[in-house]
Every structure is written in C-alpha cells, then in structure tokens.
Protein chains: 2
Amino acid sequence: MSTLKDVAKKANVSVATASYVMNGSDLITKQTKEKVLLAAKEIGYRPNGNAKNLKKNKTNIIGLFLSGFTGPFFNELLEGIQVAVIKRGYEMVVCASDDKHRLLVERYVDGAIILNYHISNELLDSLASEKFPIVVLDRELENPHVKEVLLPNKHGMDYTVSHLVEQGHKRIGFIAGSRESFDGESRLEGFRESLSKHDLPFKETDLIRADFTEISGLLCMAKFLEENENYPTAFVSANDEMAMGAIKASQQTGLKVPDDIAFVGFDDIDLSRYVQPALTTVRVQKKQWGQTAAEALFAMLQKKEGIDEAEIPIEFIPRQSS
Amino acid sequence: MSTLKDVAKKANVSVATASYVMNGSDLITKQTKEKVLLAAKEIGYRPNGNAKNLKKNKTNIIGLFLSGFTGPFFNELLEGIQVAVIKRGYEMVVCASDDKHRLLVERYVDGAIILNYHISNELLDSLASEKFPIVVLDRELENPHVKEVLLPNKHGMDYTVSHLVEQGHKRIGFIAGSRESFDGESRLEGFRESLSKHDLPFKETDLIRADFTEISGLLCMAKFLEENENYPTAFVSANDEMAMGAIKASQQTGLKVPDDIAFVGFDDIDLSRYVQPALTTVRVQKKQWGQTAAEALFAMLQKKEGIDEAEIPIEFIPRQSS
DNA sequence: TCAATTTATTGAAACGTTTCAATAAGAATT
DNA sequence: AATTCTTATTGAAACGTTTCAATAAATTGA
C-alpha cells in the first residue's frame, strides 16, 4: 500500500510538502500542488487514518454504542445523531458490544453516546474526561464529563394516566418491555407514580411483561386474557408496537377497543394513526433526541459550558383506542 | 492520557516488557506481569488503538457501510454480521455516508461489507485488494477481491408468480420500493421476467411506486384504487410492509382480501403471519444473509479460495392473503 | 546592488505502539 | 569453574502521518 512518502518521491517533493498538499494548505504553490495531486492519483494513494489520528490525537469520529441490533432499535435516533455529527464535519460509527468494549476503550473516537446496558457506570466514569466526553441515553450518572440526555418518560406517563382517569378508568394495567431497557423501566416507574398521584392502586398481576415487539404484545396479551377473565378496563403500554399487538389480541378474543378495553401506547410511530382503531399515544421526537445528544456531546467537546438542559419534546396524542 | 511508557516507568520495566505483558505474552515472569498490570490499573492505562493499528497494519475491525439509517434497515442482517464477526475475534462498526466515505477509504477497517448505493463501483474497484477484501450486498461487480453475496430475489419471484398464476390470476400488479434499492429493483425485474415466462403481459400502469414503508404502501394503494376503478386481481409487493399497507388500504375501500384482490409480500417479517389475513410471502433469511456475507469476507481475508457460492435460502410461504 | 522581507519548501522529531535482535541473568551440563 | 543452553528483559527501529523550526528562493525597498 502506498504512502505519502511514495507520493512525495514520485512528485519530487518532500513528504512535508506532500502532506501540506493533501491537507489543502495554501502555502503551497499551485503547480507543486497539481504535481503532488497527480502523483497521488496515479499511485492510488489513500491516507492512513490511524497514522493521522495518532499524530493529531483526534479522530473526528464519534461513536454510538448500542447493546445490540435487535430489539428496539431506533432508526430515527441514529438519523438524528448522524445529521448533527455530519454537520460538524465528524463521522459517526455505531457498534454493539457486550463484553470488552474495545472500540469504546481504545480511543477510536473523540466522544461517545451510550445506549448499552452492558456498559457499567464504573467503566464510563473511568473513561469520561475533558478530552473524552460522554453522553448517556440510558442511565443517570453524576460526572462532570458525562451528560444525560434522557426522554421525559414520566412526564409522558402523567399525560397518559390523567387522560385515562378522566375517561373514568379505575383499573389500569401496564404492558412492559424487557427489563434491560432504561426507558421501558422508567415508563413503568412513571406509570406507577402517576397512578398513585391519582390515588389509584396498581395490581401487580396487571403487569404484563413483553419485549417491545408487536408480536410479543400480541402473544402476552392473548395469554393474559385467557388466564384472567377479569381484566383492567385500560392498558398502558411501554411502546406502540406492543400496544398494537395487544389490541390485535383483544380484538381476536372478541373484545371491542376502546369500548371493552382501552389502550394507550408510547412513541407515536408512523403506523399508529393508521391502525384500526388509531392508537392513542405519546409522541416522542426520537430524531430530536439523537440530535440533542450529539449537540450535547459537541458542546462538551468544545468546552462550551452553557448548554441548557434541553428537554426532548413530547406530546400526548389522543386517538380512538382510548 | 497515560501511555505504555508511563506504565513501564511506574512498574520499573522497559516499555517492551510492558507491551508484552499487555498482550499476554508467556515469556514474561509472573511477578513482573503482576507488577505491570498493577501499574497499568493504578495509572488508568488505556491502549491507543490507532498506534496499535498503525504498527500492526491491521485493525481487527470490519465495517458495514450503509446509505443511511432510515429506510429498509435490516436489523437481522446487522445481527447476522455481528455474530459472525465477533466469533472471529473482530469487531464491527456500521456507518452511513453519502459523500467522502472517509471511514471506508482511510483504512479504519480490515474489510468492508457494502450496502450503500452512494458508493460507486469505481471506488470499490480502486479500494479492493488482497489486503482489503470487500463484500457487496447491493450490486454485481466483477473483481477478484470483491465478492457478491446477493439475495435470490428472482428465484423468489418465480415462486410468487407461479403461485399466483396457478390461482388463476391474469393481471398482476407490482408495488415497488424506492429505485435506489438493488433488491427492490431486482425483485421488480424478476417479477417481469417471471411474468413473461408465463406469457403474461405487464401493464406499466399497474406498477405502484412506494418507498418500502407500510405507510407508503397504504397511501399509494389508496391513491391507486381511487384513480383506477379497474384494477389487477393480484399485487406482488417488493416487501411485506408495503403489502400490509396496501392490504389495509384495500380493506378500507371495502375490498375483500384475497377474494377481490390478492397480495403477496416479500421477506416474511415476523408480523406477516399475524395480520388479518395472514400474508403470503417469500421468506428470506436475513440473518443468514449477514452471516454469509461476513463469512465470505473472512474467507477472503484468510485467502481461503474454496468458498462455495452459498445461496441464501428462501422459501415460499403461502398464507391467506392470496 | 545589497539587505530586508516575504513566500515556498524541507528536515526531522514526535505521536504510542510492536517486535526483532541483542543482552543479561540463571540454570544446567561438563 | 568454565562452558553452554535457557529464559527473561531491553534498546531501538519502524509504522505513516503532522507540524515546528529552519532553510532556500524569490521579491521588495532603499
């Protein structure tokens, strides 16, 4: 593989000059510039990113660290981060890990956004620094170089429960996702809190554990209805997909939604307004979430202090399922 | 940030020794080993991946290059690649690009899997080499260091069309995705070819252009039905999501599926068997696809020649929508 | 015409590792 | 006790860049 040295030799200049040319310095005269560029092309030169990074002590890459690619995988979130990152002239890489977290630890990136329950708080504490800021999307963490950018899940649950209470519901169930999800659990927690604000009890047996997929919602709800002939008049779901599945299951059992049983989702995915009945839900700006996360990271990277705690906007969307 | 040198100094050994310890060489005596490890821990040492990579001329990372994070984003595919990559002691990074493709060009990875229509054949041709093998998932490309791992889309269309013809359909429409998708277009092409094998004509006006999302399928189908009171008795869709959307649109117009109009999807996503009516489709092993792609890459990386052209298995799944 | 200034080019050190070849220290063989 | 053979440790070069400081060349001003 050819290097800058090869280019320099071919163009009859020093490697310093070649380097300046490759980086578009304006000290270099036009004709040497062309000479070098031509040589580089002829020889098929590709810069070596590792050497660059090593020298500059900087990669211009930020990393998004996920726990995996299955499960609730937020395309919009990725898109939001990507947009913000590109705007800053950086690149983004996303990777999944459950063990060594090599890409996170070995300084391949200038900063990290974390949504990975396999990564411990201790590790993050030991990594975060002035030079290596971190944004967490899935936990609370007190550290000057770590910033939390969290969804206002509890806020959303307040809307939801108030709405349901207004409609006269007294016994409300909950469809939860997998326990590893910070958002899922904080929605459940928020649900519990909102319920008690309204002096309503929660029967633990009305808690259904699914795994965020539509099909798990369908299956678990079907099972629930089969086992309990006495059921809540309403269910809150930790996301839209499960709510949709649960609605299908209820309908297949002959129940009318929302008359016999009401459902409220969370997220407002595109499909929610098109299903029958259209799904009541809480709209979450996932793309905005990603963007905010990236912005927060860049703010730390540039030591700008005054980043105001931007809340991710949410909105309650009443539709026909409740 | 502390370096190996710092560790060495603290442990009173040479950096060579420290390096050997960090890499678990068995030449080093147990007590120096402990001494170094302790020093490393105390000092909070993290290896510098860039320096390592530079020296070793190898990153142990393979890259998956996508065009974006929206659109048909194949979690299963990612999962498949990830599994195979981890098994080999490598890591995977995924990134999106539409312009400079820095991460692809600057040797951050040891090999690449491409599913990104922004990346030109010329670029791939210039990058691919003995030392840098490439697997393409979205094009045909003749190059000794590039391997195609493609879905048998046309094969799937043969099944589909034969099935529909057997059921007596004579006028069959097609719901296509966005033009940038290689798979989408090759399904369309396959559809055309299968149709003509059966001596059936294809009316260009029976081609609906959507964008792979369920909602686009719904919207485009609704529009089509509104504009054409005369419509095909069956539609083949380039993926399941659009088929589901189209079915919803048809039902909302009062049509009975499959009696008035039949639908066949492609992919067999989880949900397909649970919708009403259950969706006839072609099952594609996406995870297998990813795994095969990664295996093919490793085979090239290890110069193993005899990689047999593994076909990704597909299977026709007749259900109630046709 | 010569000094002073500006502009273009270059040599060489440095970034943090790995790893070869060389050395030092111990153990084993005479 | 001297020699050989192991084993553990180390010095130093190398990987491919960037960038500072130094030089060389060209231009200007007197």
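Remember, predicted model here, so these are calculated numbers, not experimental data.
Taking the centre and axis of the six-membered ring of B:F132, the NZ or CZ atom of A:R46 falls inside the cone set by 45° and 6.0 Å.
At a threshold of 4.5 Å between non-hydrogen side-chain atoms, the residues B:L4 and B:M22 count as touching. Taking 4.5 Å as the limit, every side-chain heavy atom of A:Y108 sits out of range of all side-chain heavy atoms of A:V93. Between A:K58 and A:R107 there is no side-chain heavy-atom pair separated by less than 4.5 Å. Put simply, the side chain of B:P152 reaches to within 4.5 Å of the side chain of B:I312, judged on heavy atoms. With contacts defined as side-chain heavy-atom distances shorter than 4.5 Å, the pair A:K35/A:V21 does not qualify.
The rotation axes computed at either terminus of the helix from C:dT1-D:dA30 to C:dT29-D:dA2 lie 50° apart, taking five pairs at each end and rounding to 10 degrees.
Within a heavy-atom distance below 4.0 Å of DNA chain D, the residues of residues 46-58 of chain B found are B:L54, B:K55. Within residues 12-25 of chain B, the residues that place at least one heavy atom under 4.0 Å from DNA chain D are, in residue-number order, B:V13, B:S14, B:A16, B:T17, B:Y20. Listed by residue number, the members of residues 100-110 of chain B with any heavy atom below 4.0 angstrom from DNA chain D form an empty set.
Contact footprint of chain B on DNA chain D: nucleotides with an atom under 4.0 Å from a non-hydrogen protein atom, first to last in 5' to 3' order, D:dA8 to D:dG16.
The existence of a salt bridge linking B:E106 and A:K52 is confirmed by a sub-4.0 Å separation between a basic side-chain nitrogen and an acidic carboxylate oxygen. Salt bridge annotation for A:K87-A:E295: present, with a cationic side-chain nitrogen under 4.0 angstrom from a carboxylate oxygen.
When A:R139, A:E140, A:E142 are each tested for a side chain to side chain donor-acceptor pair (under 3.5 Å) with A:N121, only one passes: A:R139. Exactly one residue among A:D138, A:I81, A:I134 makes a side-chain contact (heavy atoms from CB on, under 4.5 Å) with A:I113. That residue is A:I81.
Separating the CD1 atom in A:I61 from the CG atom in A:N53 is a distance of 6.0 Å, to the nearest 0.5 Å. Rounded to the nearest 0.5 Å, atoms CG (A:L77) and CG (A:L115) are 6.5 Å apart.
For A:K9, the NZ atom is loosely surrounded, since the number of other residues' heavy atoms within 6.0 Å does not exceed 12.
Aromatic pair B:Y90/B:F298: ring centres closer than 6.0 Å.
When the side-chain contact (heavy atoms from CB on, under 4.5 Å) test is applied to B:Q82, the partners found at least two apart in sequence or on another chain are A:F69, A:A96, B:I86, B:M92.
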